[in-house]
Amino acid sequence: MDTSGLYRVVTGFAHAAPGWVQRAFEIWTEYGLLLFGVLFARGGRRGPRATALALLAPAITAVAYAASEALKHTVEEERPCRAVAGAAASLVRCPPPGDWSFPSNHATVAGAAAVALVAAVRRLAPLVVPLALLMAFSRVFVGVHYPHDVALGLLLGGSVAALLVLALTGPAAKSGSEVRNVPGCRMP
């Protein structure tokens, strides 16, 4: 899939953006995933299912990240900041050779975190879905990923998270309920 034309358009737009917009995207792309970690920690624990999902969400996200890494090392696609002729320079340092482009780990983690968090706390959807999309877009905006890297990263992360939520929530909630019923054990 060749999305280098769209990559050139987005990075050209990035270079034409005001300096404060560029800096905001640089900060977001570097530190934005930490916000998902904060949301994991806050979790909305109400009942065994929600508690199980809140506890599973970070692990589910880690599994999606591992899947992304495995795919990266299978495909070995060069970063666009090195490969696309005539594109504007990336706003951030281009990752070193061997740090492959496809799929975007940032987008994969954001997609997985968004799905896991929404499964745990539905009211977070209006917040986390746009944040995941913004994370994915930021990776193209700063010049380190092709559009297809982030689109398929979001899809990979979201799919892995959805499958794991479906597979693990019931057993985890049941285990949590059983632990709650152990004499002397106090859980939220």
Side-chain angles (χ1 to χ4, degrees), residues 1 3 6-7 10 25 28-77 79 99-142 144-180 187-188:
M1 174 180 306
T3 58
L6 184 54
Y7 171 80
V10 172
F25 271 97
W28 174 250
T29 204
E30 186 68 30
Y31 301 108
L33 290 178
L34 295 175
L35 182 55
F36 288 100
V38 169
L39 292 170
F40 284 148
R42 291 208 28 109
R45 295 177 179 96
R46 294 184 196 143
R49 182 182 183 283
T51 299
L53 281 167
L55 295 173
L56 285 171
I60 287 170
T61 302
V63 170
Y65 171 80
S68 177
E69 274 296 300
L71 190 53
K72 266 184 189 285
H73 291 288
T74 301
V75 175
E76 296 185 348
E77 176 185 70
R79 295 278 181 161
D99 184 347
W100 307 111
S101 191
F102 178 83
S104 164
N105 284 341
H106 281 73
T108 301
V109 167
V115 167
L117 283 164
V118 168
V121 186
R122 295 215 193 291
R123 73 183 188 296
L124 288 178
L127 173 65
V128 298
V129 171
L131 289 177
L133 293 171
L134 184 61
M135 177 54 67
F137 178 74
S138 77
R139 303 302 288 164
V140 180
F141 186 91
V142 300
V144 295
H145 278 289
Y146 291 102
H148 68 268
D149 295 341
V150 299
L152 292 171
L154 283 169
L155 183 62
L156 173 65
S159 297
V160 167
L163 290 172
L164 290 175
V165 163
L166 289 172
L168 299 176
T169 302
K174 185 175 188 239
S175 296
S177 293
E178 290 169 0
V179 169
R180 235 183 232 104
M187 290 185 67

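Only a predicted model underlies this, so the values are computations on that prediction, with no experimental measurement involved. The analysis underlying the following values was restricted to heavy atoms, covering all of them including side chains, and did not include hydrogens, waters or symmetry mates.
Separating the CG atom in L71 from the CG atom in L152 is a distance of 8.5 Å, to the nearest 0.5 Å. Atom OG of residue S101 and atom NZ of residue K72 lie 6.0 Å apart, to the nearest 0.5 angstrom. Interatomic distance, T108 OG1 to H106 NE2, rounded to the nearest 0.5 Å: 10.5 Å. Separating the CH2 atom in W28 from the CG atom in L35 is a distance of 5.0 Å, to the nearest 0.5 Å. Distance check, rounded to the nearest 0.5 Å: CG of L154 to OG of S159 gives 10.0 Å.
Contact detail for A116 and I60: the closest heavy-atom pair is CB-CG2, 4.5 Å. Here the shortest heavy-atom pairing between E69 and N105 reads OE2-ND2, 2.5 Å. Across every non-hydrogen atom of Y146 and E77, the tightest pair is CD1-OE1, 3.5 Å. A pairwise comparison of heavy atoms in S138 and M135 identifies OG-O, 2.7 Å as the closest pair. Contact between V150 and A136 at its shortest, heavy atoms only, is CG1-O, 3.2 Å. The minimum heavy-atom distance between S68 and P103, with the atom names listed, is OG-CG, 3.4 Å.
Every residue two or more places apart in sequence or in another chain that forms a side-chain contact (heavy atoms from CB on, under 4.5 Å) with V128 is listed here: F36, L39, A114, L117, V118, L124. Listed by chain and number, the residues in a side-chain contact (heavy atoms from CB on, under 4.5 Å) with F137 are V10, F25, F141 (sequence neighbours excluded). Residues passing the side-chain contact (heavy atoms from CB on, under 4.5 Å) test with V109, sequence neighbours excluded: L33, T61, Y65.
Using a 4.5 Å heavy-atom threshold, the side chains of D149 and R139 count as separate.
Under the 3.5 Å distance criterion, the side-chain polar atoms of R79 are left unmatched by any main-chain donor or acceptor of H145.
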